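I have placed the structure first, in the form of structure tokens, so that the comments after it can refer back to it.
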Amino acid sequence: MKIRLIRRSDIETIKGFYESDEARNQMYAIPSKDEDIWRYFSENCKTFMVFQNDSEVAIFSLSKIDGGVGSFGSIVKAEYRGRGMGLEVMKMVEKEAKKMGIRTLRADVYIDNKASLRMLEKANFRPFVWLEKNLY
């Protein structure tokens, strides 16, 4: 698998990752306008597109919060889920986080996102409570 930083021309692909009800229920709500999506994924974080055989299979974003703490979010395209892709993406997240000087990595995951929680547990993350509510 290969990664690269997102480009403006990736906006439609990025929106495609969020089309399913499952993604909308398990991920932060993204803006609706293309320019706002670009700002959301490029100004306050580094966002990467993940490719396998020239097909977009996942995206992930990394944000440096404070000190050596960073946060990330990732999404695997629906047709690639359940194949161990999350753990492969996690390796890339960790590699890029280290390059950014992040020493503690926080995953933003809803408690009912069982697949992500299982993957994160396999990647040696431990639970930390953080409660929130989408206002849309």
Side-chain angles (χ1 to χ4, degrees):
M1 287 197 295
K2 298 183 291 188
I3 66 170
R4 67 162 166 77
L5 286 168
I6 61 164
R7 303 173 182 146
R8 280 186 186 268
S9 58
D10 293 325
I11 296 293
E12 290 303 315
T13 302
I14 291 168
K15 290 192 296 191
F17 279 95
Y18 290 84
E19 286 177 343
S20 72
D21 287 339
E22 180 183 23
R24 278 194 284 274
N25 288 331
Q26 298 298 346
M27 300 296 296
Y28 289 130
I30 65 169
S32 57
K33 295 179 183 175
D34 288 1
E35 189 59 32
D36 295 335
I37 291 171
W38 174 251
R39 277 196 299 278
Y40 180 84
F41 283 105
S42 65
E43 288 186 2
N44 298 315
C45 60
K46 283 187 170 184
T47 302
F48 298 84
M49 187 79 64
V50 181
F51 296 87
Q52 183 178 49
N53 301 327
D54 297 324
S55 295
E56 302 96 348
V57 297
I59 58 173
F60 67 87
S61 295
L62 279 163
S63 302
K64 196 164 185 180
I65 299 169
D66 192 20
V69 178
S71 175
F72 83 96
S74 65
I75 185 167
V76 175
K77 247 185 196 176
E79 58 266 30
Y80 293 95
R81 293 182 196 145
R83 301 181 188 181
M85 188 72 62
L87 280 173
E88 291 300 314
V89 170
M90 206 49 247
K91 290 175 189 175
M92 294 176 205
V93 169
E94 290 181 15
K95 182 178 179 180
E96 293 301 320
K98 287 177 183 177
K99 288 180 187 177
M100 292 172 63
I102 294 171
R103 296 176 29 218
T104 300
L105 193 56
R106 187 183 81 205
D108 297 337
V109 181
Y110 292 116
I111 194 73
D112 61 344
N113 189 341
K114 303 297 185 200
S116 288
L117 291 171
R118 279 192 305 274
M119 183 274 301
L120 290 165
E121 186 176 294
K122 287 178 185 177
N124 298 315
F125 279 71
R126 59 187 179 158
F128 180 86
V129 177
W130 182 284
L131 303 175
E132 70 178 18
K133 179 181 181 180
N134 282 340
L135 300 177
Y136 60 88

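Not measured: the values here are computed from a predicted model.
- Between Ile6 and Met49, the shortest heavy-atom distance links the atoms CG2-N, 4.1 Å.
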### Task
Start with the C-alpha gap between Phe60 and Met92, add the side-chain angles, then the distance that decides, and say whether side chain to side chain contact (heavy atoms under 4.5 Å, CB included) holds.
CA-CA 9 Å; Phe60 67 87; Met92 294 176 205; 3.9 Å; yes
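- In this structure the side chain of Met1 never reaches within 4.5 angstrom of the side chain of Phe51, judged on heavy atoms.
- When all heavy atoms of Val109 and Ser116 are compared, the pair lying nearest together is CG1-CB, 3.8 Å.
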### Query
Should Met90 and Met119 be marked as a side chain to side chain contact (heavy atoms under 4.5 Å, CB included) after you check the CA-CA gap, both sets of side-chain angles, and the distance that decides it?
CA-CA 9 Å; Met90 206 49 247; Met119 183 274 301; 4.0 Å; yes
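- The shortest heavy-atom contact between Asp36 and Pro31 is CB-CB, 3.5 Å.
- Closest non-hydrogen pair, Phe125 versus Leu105, comes out as CE2-O, 3.4 Å.
- For the pair Lys91 and Glu88, the salt-bridge criterion is met [side-chain N within less than 4.0 Å of a carboxylate O].
- With rounding to the nearest 0.5 Å, the separation of CG in Leu117 from CD in Glu121 is 8.5 Å.
- Between Ile102 and Val69, the shortest heavy-atom contact is CG2-C, 4.2 Å.
- With rounding to the nearest 0.5 Å, the separation of CD1 in Ile14 from OH in Tyr40 is 11.0 Å.
- Using a cut-off of 4.0 Å between Lys/Arg side-chain N and Asp/Glu carboxylate O, Glu35 and Arg39 are scored as salt-bridged.
- In this structure a side-chain-to-backbone donor-acceptor pair under 3.5 Å is present from Lys64 to Met100.
- Using cut-offs of 30° and 60° for the angle between ring planes, the Tyr18 and Phe41 rings count as tilted.
- Once rounded to the nearest 0.5 Å, the distance linking CG of Asp108 with OG of Ser61 reads 10.5 Å.
- Salt bridge absent: Arg7 and Asp10 never bring a charged side-chain N and a carboxylate O closer than 4.0 Å.
- To the nearest 0.5 Å, atoms NZ (Lys99) and NZ (Lys46) are separated by 8.0 Å.
- Leu62 and Ile65 fall into different hydrophobic clusters, where Ile, Leu, Val, Met, Phe, Trp and Tyr are joined by side-chain heavy atoms under 4.5 Å apart, directly or via other members.
- One finds the CD atom of Glu79 at 10.0 Å from the CE atom of Met85 (value rounded to the nearest 0.5 Å).
- Under 4.0 Å is where a charged nitrogen must lie from a carboxylate oxygen, and between Asp34 and Arg8 no such pair does.
- Nearest heavy-atom pair, Ile75 versus Phe17, reported as atom, atom and distance to 0.1 Å: CD1-O, 3.1 Å.
- Enclosure of atom NZ in Lys2 is not indicated, since only 12 or fewer non-hydrogen atoms of other residues, nucleotides or ligands lie within 6.0 angstrom.
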### Message
I'd like to know whether Glu96 forms a side chain to side chain contact (heavy atoms under 4.5 Å, CB included) with Phe72, so could you lay out the CA-CA distance, the side-chain angles of the two residues, the decisive distance to 0.1 Å, and finally the verdict.
### Response
CA-CA 11 Å; Glu96 293 301 320; Phe72 83 96; over 6 Å; no
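- Taken from CD1 in Ile37 to OG1 in Thr47, the straight-line distance is 12.0 Å, to the nearest 0.5 Å.
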